[in-house]
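No experiment lies behind these values; they were computed from the predicted model shown. Quick note: numbers below take in every heavy atom, side chains included, and nothing from hydrogens, waters or symmetry partners.
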Amino acid sequence: MKICCLGAGYVGGPTMAMIAHKCPHITVTVADINEARIAAWNSDELPVFEPGLDEIVMSSRGTNLFFTTDKVTAIREADVIFVSVGTPTKTYGAAAGRAADLKYVELCARDIAAHSDRSKIVVEKSTIPVRTAESLKAVLCANSSDSISFQVLSNPEFLAEGTAMEDLDDPDRVLIGGEETPEGKAAMETLAGVYATWISRDKIIQTNLWSSELSKLVANAFLAQRISSINSISALCEETGANVDEVASAIGKDSRIGSKFLKSSVGFGGSCFQKDLLNLVYLCEHFGLPEVAQYWRSVIGMNDWQKRRFSNRIINSLFNTVNGKRIAILGFAFKKDTNDTRESPAIYVGRDLLEEEASLAIYDPKVTSDQIYLDLGAKSEPNHEEKIEVCSDAYEAVEGAHALAILTEWDEFRDLDYRKIYDRMMKPAFIFDGRNIANRKELIDIGFNVYAIGR
Ligand code: NAD
Ligand code: UGA
């Protein structure tokens with residue numbers, strides 16, 4: 001069997017690498033229009049940082065795993081084609097800021113139709129609005145000869161960045177949606193067979209297309225909702241003397257609630273939670289369900305408030321002005337163990353502080369300085385560039401700083417020498433722990449003014 005994947009991003013790259021690694025009998029080709037990205041996938045410096053990814057890629061690359069910009073050949077030779085391109089929130093025209101922009105997905109469908117000379121299975125791996133398979137099929141059929149047929153399957157991806165390889169190796173479930181026809185069922189079985197090489201059959205769920213498409217949006221909405229729920233309670237904890245981590249632990253012991261995704265933070269980031277929630281809200285509005293739309297919109301509203309609340313706390317604590325003050329920021333990725341900064345809370349907090357004329361000294365173990373400058377509008381916003389310094393370690397960042405804000409929960413930030421940090425900072429020295437990872441009592445004993453979320 002030959003598999004092709006259009007899109008060599010955070011999902012396409014790791015997912016295809018895992019399939020190639022687990023299925024030596026399958027040839028997997030990942031095609032992307034971004035030449036630099038493909039060159040990086042073919043180099044020793046992969047474009048995605050993910051623990052365990054390098055080993056898996058190196059085990060198959062050049063044998064049954066290939067990265068290419070030649071999508072025409074990749075499409076022509078494949079039996080199964082995954083579409084794993086971006087589906088960002090639309091930034092223009094009708095429903096801008098809410099609906100998913102499906103132009104990349106549609107372009108893939110047009111390419112597949114143009115370059116297929118036999119019937120194929122097309123798999124939606126990208127996260128898309130419910131009923132996208134219908135549009136895909138319409139584009140595929142309208143642009144290919146009558147002798148060719150396409151089976152469109154929905155196979156959403158549930159991996160989380162930072163744990164992608166573990167998630168792919170041992171997922172909670174694999175979801176496959178398809179048409180309820182003999183051809184649809186056969187296509188689902190073909191795809192299920194690929195996953196069954198290493199995943200037990202009872203974890204491979206088969207549903208109708210619309211259930212599968214919708215389940216992906218709903219899973220992300222429920223996960224994001226838990227974070228917004230605990231973050232809302234963090235504000236109440238700060239007013240009442242309760243400790244949000246203790247509350248989370250106490251409620252999480254209830255097996256009906258469960259302990260995961262109850263870590264209060266400066267807010268959730270990442271490329272998908274907000275995008276997929278907005279998409280869900282748009283769908284609800286589209287289908288005439290404004291109350292349902294409003295319910296899910298509030299999850300985003302709470303997240304925006306939490307990020308803003310954190311920035312305001314810094315400004316208010318520093319005697320209502322950060323103008324000209326150096327603020328050290330530890331962590332810029334949206335979570336630990338990834339180099340991805342999309343929708344990272346650090347971008348929002350950083351921009352709030354720059355608007356207040358603060359200077360930022362930023363350190364992240366994996367995010368490049370170019371990415372940090374880009375995200376903070378160093379070139380596009382007046383005066384931002386000279387106010388941003390990207391540092392090579394935490395100690396350099398805190399030198400002469402009035403405050404330190406921890407925005408990503410990288411393990412190395414737990415073990416810093418906070419006495420040494422205190423000695424390097426201006427006094428009074430403030431720490432704002434947006435991830436509740438530092439030892440609060442120890443910091444207070446050293447002499448810091450400490451703000452931790454929900455304490
Ligand atoms: P990404 O931006 O990292 O990668 C998308 C890639 O698609 C880019 O490299 C782009 O150049 C390429 N591309 C665009 N048009 C193309 C075309 N016509 N042909 C070939 N390549 C093309 O995005 P991602 O994070 O991998 O996400 C992809 C999809 O997966 C999105 O729908 C996202 O919602 C979903 N998803 C992402 C995650 C995650 O953790 N990032 C997890 C689950 C699902
Ligand atoms: C999330 C989902 O967890 C994946 O299942 C899904 O496939 C993916 O989105 C997607 O569709 O893109 P991801 O965004 O990579 O994965 O990472 P998460 O671990 O979910 O974290 C998202 C954000 O929430 C991060 O900023 C993280 O720090 C924050 N978070 C997470 C909290 O603040 N508290 C928590 O308890 C958990």
Side-chain angles (χ1 to χ4, degrees), residues 3-19 28-34 37 41 47-48 67 71 74-75 78 80-91 95 98-113 120-140 150-161 164 167-168 171 174-178 187-188 191 194-195 207 209-221 223 270-280 282-283 340 342-343:
I3 287 180
C4 146
C5 176
L6 299 176
Y10 282 85
V11 169
T15 310
M16 292 304 122
M18 186 58 78
I19 291 179
V28 181
T29 304
V30 193
D32 202 294
I33 49 177
N34 182 332
R37 215 164 204 189
W41 279 112
V48 169
F67 295 93
K71 58 183 173 171
I75 289 170
V80 177
I81 302 173
F82 285 80
V83 176
S84 187
V85 296
T87 47
T89 306
K90 235 180 135 203
T91 53
R98 294 180 298 143
D101 190 343
L102 295 177
K103 78 173 168 196
Y104 305 105
V105 171
E106 183 175 333
L107 284 172
C108 287
R110 289 183 186 277
D111 275 340
I112 295 168
K120 292 176 196 276
I121 296 173
V122 176
V123 183
E124 297 171 338
K125 186 50 104 177
S126 300
T127 303
I128 31 72
V130 63
R131 296 200 83 91
T132 300
E134 207 165 45
S135 319
L136 268 185
K137 190 140 192 175
V139 172
L140 288 165
F150 293 98
Q151 276 304 317
V152 178
L153 300 179
S154 158
N155 173 222
E157 184 49 60
F158 295 100
L159 68 79
E161 290 178 30
D167 297 341
L168 289 166
V174 168
L175 181 55
I176 302 174
M188 284 201 269
L191 186 57
V194 172
Y195 287 113
T207 66
L209 271 168
W210 322 130
S211 304
S212 173
E213 290 181 335
L214 186 57
S215 297
K216 172 63 196 177
L217 293 183
V218 173
N220 273 357
L223 291 169
S271 61
C272 293
F273 278 174
Q274 175 165 307
K275 153 178 96 66
D276 294 347
L277 277 163
L278 285 167
N279 194 343
L280 187 65
Y282 176 68
L283 280 172
D340 195 346
R342 289 178 288 181
E343 289 297 329

| Which value, rounded to the nearest 0.5 Å, describes the distance between L278 atom CG and K90 atom NZ? | 13.5 Å
| Roughly how far, to the nearest 0.5 Å, is the SG atom of C4 from the NZ atom of K120? | 8.5 Å
| message | Could you check whether any side-chain heavy atom of V105 comes within less than 4.5 Å of a side-chain heavy atom of I128, counting everything from C-beta outward? | response | yes
| field | Non-hydrogen side-chain atoms of L102 and T87 separated by less than 4.5 Å | value | yes
| said: Could you go through E124 and K216, starting from their C-alpha distance and side-chain angles, then the distance that decides it, and tell me whether this counts as salt bridge (charged side-chain N to carboxylate O under 4.0 Å, His left out)? | reply: CA-CA 11 Å; E124 297 171 338; K216 172 63 196 177; over 6 Å; no
| Going through the checks in order, is the side-chain contact (heavy atoms from CB on, under 4.5 Å) test met by N155 and F82? | CA-CA 9 Å; N155 173 222; F82 285 80; 3.6 Å; yes
| How about K125 and T15: does a side-chain donor come under 3.5 Å of a side-chain acceptor? | no
| request: Could you walk me through whether V123 and L191 pass the side-chain contact (heavy atoms from CB on, under 4.5 Å) test, one step at a time? | output: CA-CA 9 Å; V123 183; L191 186 57; 4.0 Å; yes
| query | Of all heavy-atom pairs between E161 and S271, which one has the smallest distance, and what is that distance? | reply | OE2-OG, 4.3 Å
| query | Are the side chains of W41 and V48 in touch, meaning some heavy atoms are under 4.5 Å apart? | reply | yes
| request: Run the numbers on R98 and T89 for side-chain contact (heavy atoms from CB on, under 4.5 Å), then give the verdict. | output: CA-CA 6 Å; R98 294 180 298 143; T89 306; 5.5 Å; no
| message | With heavy-atom distances below 4.5 Å as the criterion, would you say the side chains of L140 and V122 are in contact? | response | yes
| F158 CZ: over 12 foreign heavy atoms closer than 6.0 Å | yes
| said: For the SG atom of C5 and the CZ atom of F67, what is their distance to the nearest 0.5 Å? | reply: 9.5 Å
| field | Heavy-atom side-chain proximity of L107 to V85 below 4.5 angstrom | value | no
| note | Smallest heavy-atom separation, Y104 atom then G86 atom, equals CD1-O, 3.5 Å
| query | Who are the ring-ring contact (aromatic ring centres under 6.0 Å, His included) partners of Y282, not counting sequence neighbours? | reply | none
| task | Working to the nearest 0.5 Å, report the span between CG of N220 and CG of D276. | result | 5.0 Å
| query | Are V80 and L153 side-chain neighbours, meaning at least one heavy-atom pair lies under 4.5 Å? | reply | no
| task | Could you grab the distance from atom CG of N279 to atom CD of Q274, nearest 0.5 Å is fine? | result | 12.0 Å
| query | Any side-chain heavy atom of S215 sitting closer than 4.5 Å to one from P156? | reply | no
| Electrostatic pair R131:E134 at N-O distance under 4.0 angstrom | yes
| request: Report the C-alpha distance between T207 and L175 in whole Å, list the side-chain angles of each, state the deciding distance to 0.1 Å, and finish with yes or no for side-chain contact (heavy atoms from CB on, under 4.5 Å). | output: CA-CA 8 Å; T207 66; L175 181 55; 3.7 Å; yes
| note | Between L159 and A164, the two heavy atoms sitting closest are CD1-CB, 3.9 Å
| task | Going by the side chain to side chain contact (heavy atoms under 4.5 Å, CB included) test, name the single residue among I3, I75, I121 that passes it with I81. | result | I75
| With a 4.5 Å heavy-atom cut-off, do Q151 and K137 have their side chains touching? | yes
| field | Pairwise distance CD(E157) to OG1(T127) - rounded to 0.5 angstrom | value | 8.5 Å
